[in-house]
Amino acid sequence: MEKGRTVVVSALQFACTDDISTNVATAERLVRAAHKQGANIILIQELFEGYYFCQAQREDFIQRAKPHKDHPTILRMQKLAKELGVVIPVSFFEEANNAHYNSIAIIDADGTDLGIYRKSHIPDGPGYEEKFYFNPGDTGFKVFQTKLAKIGVAICWDQWFPEAARAMVLQGAEILFYPTAIGSEPQDGSIDSRDHWKRVMQGHAGANLVPLVASNRIGKEIIETEHGKSEITFYGNSFIAGPTGEIISTADDKDEAVLIAQFDLDKIKSVRHCWGVFRDRRPDLYKVLLTLDGINPVQ
């Protein structure tokens, strides 16, 4: 391994329209802007091709899904990644025969599609009714060996589960990436989860001694549901955390953003190994994590 192996990561943040071509063009513009600032692993927010349609349970929205193979947005991002020499995780609504997934394709710096991760934890609450659209992911937590780093990528609700972060880092992930779509709660405007959302992921970074990149959208989106109009104001606050959970760079809740941070992965690896948390783990004592009720193992 080369001494002083550094990467420059970026989190993008923007408001989506409900037009695919407009959103993909915005994503490409911001990827290019991040590249100009030196970024070589660039994260775009979750399901950026359109509005966050999971506010409603609508049959027509299921038709937005497309197969992974020959997906037009993924193909476009492959060309862009190859042109710029950057890694781009690309979030998309996947159709796989009769199954549907909230998925992400990892595009390497030479444009190669390294494969997909399918979102494991599927939320179901007012305004975030994802179980209507998505099967639970079947890929398991994965890491991807890119030309720049070994990365772990999970999606939105996954970011609330420490088991997911630990699973990726145990497999060698050097940086964690979480594309996201989160904002206000339609049923209760007094709920503001942004600080909680940040702190949970800062904990993942600190507990695993790896940098973490989170990309969220901004803007107000109104969706016609079976019960009338539903509205979410997405709170942005995309951020990059360092390996002790410290915030390196953060966006606000209203403005388009291109966040940048540089990390020396070899230095971080050395600190991670010396800190001892992976040396002193006790997997033999963690069998309770394989239960739902703390008693009976899930078969």
Among Arg5, Arg272, Lys269, Lys150, the one residue meeting salt bridge (Lys or Arg N to Asp or Glu O under 4.0 Å) with Glu174: Arg5
Quick one: do the Thr180 and Gln159 side chains pair a donor with an acceptor below 3.5 Å? yes
Taking every heavy atom of Thr139 against every heavy atom of Ile116, the minimum-distance pair comes out as CG2-O, 4.0 Å
Has the side chain of Glu256 got a donor or acceptor atom that lies under 3.5 Å from a matching backbone atom of Thr26? no
Is the ring pair Tyr133/Phe61 parallel, tilted or perpendicular, if the boundaries are 30 and 60 degrees? tilted
Can a donor-acceptor pair be found, under 3.5 Å and without considering hydrogens, that links the side chain of Ser230 to the backbone of Ile223? no
Do Glu83 and Lys79 sit within salt-bridge range, that is, some charged N less than 4.0 Å from a carboxylate O? no
Quick check: do Pro211 and Ile268 have side-chain heavy atoms less than 4.5 Å from each other? yes
Sole residue of Asp18, Ile232, Asp19, Ile222 in side chain to side chain contact (heavy atoms under 4.5 Å, CB included) with Tyr51: Asp18
Are a donor atom and an acceptor atom from the side chains of Asn237 and Thr250 found within less than 3.5 Å of each other? no
Under 3.5 Å, is there a donor-acceptor pair between the Tyr101 and Asp138 side chains? yes
Which of these, Leu43, Ile44, Asp252, Leu259, sits in a side chain to side chain contact (heavy atoms under 4.5 Å, CB included) with Gln13? Asp252
Between Ser270 (side chain only) and Asp266 (backbone N and O only), is there a donor and an acceptor less than 3.5 Å apart? no
Side chain Asp255, main chain Ala257, donor-acceptor under 3.5 Å: no
Ignoring hydrogens and angles, tell me if any N or O in the side chain of Asn97 forms a donor-acceptor pair with the backbone of Ala99 under 3.5 Å. no
In this structure, would Ile20 and Ile62 fall into the same cluster of hydrophobic residues linked by side-chain contacts under 4.5 Å? no
State the OH-NZ distance between Tyr235 and Lys198, to the nearest 0.5 angstrom. 9.5 Å
Looking at Asn98, I'd like to know if its CG atom is crowded, meaning that more than 12 non-hydrogen atoms belonging to other residues, nucleotides or ligands lie closer than 6.0 Å. no
Summary of ring pair (Phe, Tyr, Trp, His ring centres under 6.0 Å) pairs that have at least one residue in residues 68-92, sequence neighbours excluded: His68-Phe92, His71-Phe92
Nearest heavy-atom approach of Ile104 to Pro179 is CD1-CG, 3.6 Å
Mind listing the closest non-hydrogen atom pair of Ala214 and Ala11 along with its distance? O-CB, 3.7 Å
From CG (Leu290) to CD (Gln299), nearest 0.5 Å: 10.0 Å
Is any side-chain heavy atom of Tyr117 less than 4.5 Å from a side-chain heavy atom of Val153? no
Do Val86 and Ile106 belong to the same hydrophobic cluster, where Ile, Leu, Val, Met, Phe, Trp and Tyr are linked whenever their side-chain heavy atoms lie under 4.5 Å apart, directly or via other members? no
Can you get from Ile248 to Ile41 by hopping between Ile, Leu, Val, Met, Phe, Trp and Tyr side chains that sit under 4.5 Å apart? yes
Shared hydrophobic cluster, Val210 / Ile247 (ILVMFWY, side-chain heavy atoms < 4.5 Å): yes
Thr291 and Asn296, any side-chain heavy atoms less than 4.5 Å apart: no
Flag if over 12 foreign heavy atoms under 6.0 Å of CD, Gln187: yes
Transitively linked via ILVMFWY side-chain contacts under 4.5 Å: Val90 with Leu148? no
What is the distance from atom CD of Glu28 to atom OG1 of Thr73, rounded to the nearest 0.5 Å? 11.0 Å
To check you understand the geometry: which heavy-atom pair defines the closest contact between His100 and Ala65, and what is its length? CD2-CB, 3.6 Å
Heavy-atom distance under 4.5 Å between the side chains of Phe134 and Arg118, does that happen here? no
First locate atom NZ of Lys131, then atom CD of Gln57, and finally report the distance between them rounded to the nearest 0.5 Å. 11.5 Å
When you measure from the side chain of Asn216 to the backbone of Ile182, do you find a donor-acceptor pair of N or O atoms at a distance under 3.5 Å? yes
Grab the two heavy atoms, one from Ala181 and one from Tyr52, that are nearest each other, plus how far apart they are. CB-CD1, 3.8 Å
Measure the acute angle between the ring planes of Phe161 and Trp157, then classify it against the limits of 30° and 60° as parallel, tilted or perpendicular. perpendicular
The complete set of ring pair (Phe, Tyr, Trp, His ring centres under 6.0 Å) pairs with one or both residues in residues 238-284, sequence neighbours excluded, reads Trp197-Phe239
Stepwise ring-ring contact (aromatic ring centres under 6.0 Å, His included) check, Phe53 with Phe93: CA-CA 11 Å; Phe53 52 85; Phe93 183 12; 5.1 Å; yes
Counting only N and O atoms by type, is there a donor-acceptor contact under 3.5 Å from the side chain of His35 to the main-chain atoms of Leu84? yes
Can you tell me how far CG of Asp192 sits from CG of Asp253, rounded to the nearest 0.5 angstrom? 8.5 Å
Would the number of heavy atoms belonging to other residues, nucleotides or ligands and lying under 6.0 Å from NZ of Lys66 be above 12? yes
Check whether any side-chain heavy atom of Ile218 sits under 4.5 Å from a side-chain heavy atom of Lys254, and report yes or no. no
Could you pull out the closest heavy-atom pair between Gly38 and Val8, with the gap in Å? O-CB, 3.2 Å
Step-by-step side chain to side chain contact (heavy atoms under 4.5 Å, CB included) determination, Val213 to Ile240: CA-CA 5 Å; Val213 183; Ile240 301 171; 4.2 Å; yes
Could you state the interatomic distance from CZ (Arg58) to CD (Gln63), rounded to the nearest 0.5 Å? 10.5 Å
For Glu46, check salt bridge (charged side-chain N to carboxylate O under 4.0 Å, His left out) against everything at least two apart and list the hits. Lys119
Report yes if some heavy atom in the side chain of Phe48 is under 4.5 Å from a heavy atom in the side chain of Leu12; otherwise report no. no
Kindly determine whether Val87 and Phe144 satisfy side chain to side chain contact (heavy atoms under 4.5 Å, CB included), including the steps that lead there. CA-CA 11 Å; Val87 175; Phe144 298 86; over 6 Å; no
Take atom CG in Leu285; do more than 12 heavy atoms of anything else shown fall under 6.0 Å from it? yes
Would His121 and Trp160 count as a side chain to side chain contact (heavy atoms under 4.5 Å, CB included) if you check the C-alpha gap in whole Å, the side-chain angles of each, and the deciding distance to 0.1 Å? CA-CA 9 Å; His121 302 97; Trp160 295 86; over 6 Å; no
Apply side chain to side chain contact (heavy atoms under 4.5 Å, CB included) to the pair Lys82 and Gln78, showing each step before the final yes or no. CA-CA 6 Å; Lys82 183 176 182 179; Gln78 285 183 263; over 6 Å; no
Do Lys220 and Glu231 come within less than 4.5 Å of each other through their side chains, counting heavy atoms only? yes
Check: Ser238 side chain, Ser215 main-chain N or O, donor-acceptor pair, under 3.5 Å: no
Tell me whether the count of non-hydrogen atoms from other residues, nucleotides or ligands lying under 6.0 Å of NZ in Lys267 goes above 12. no
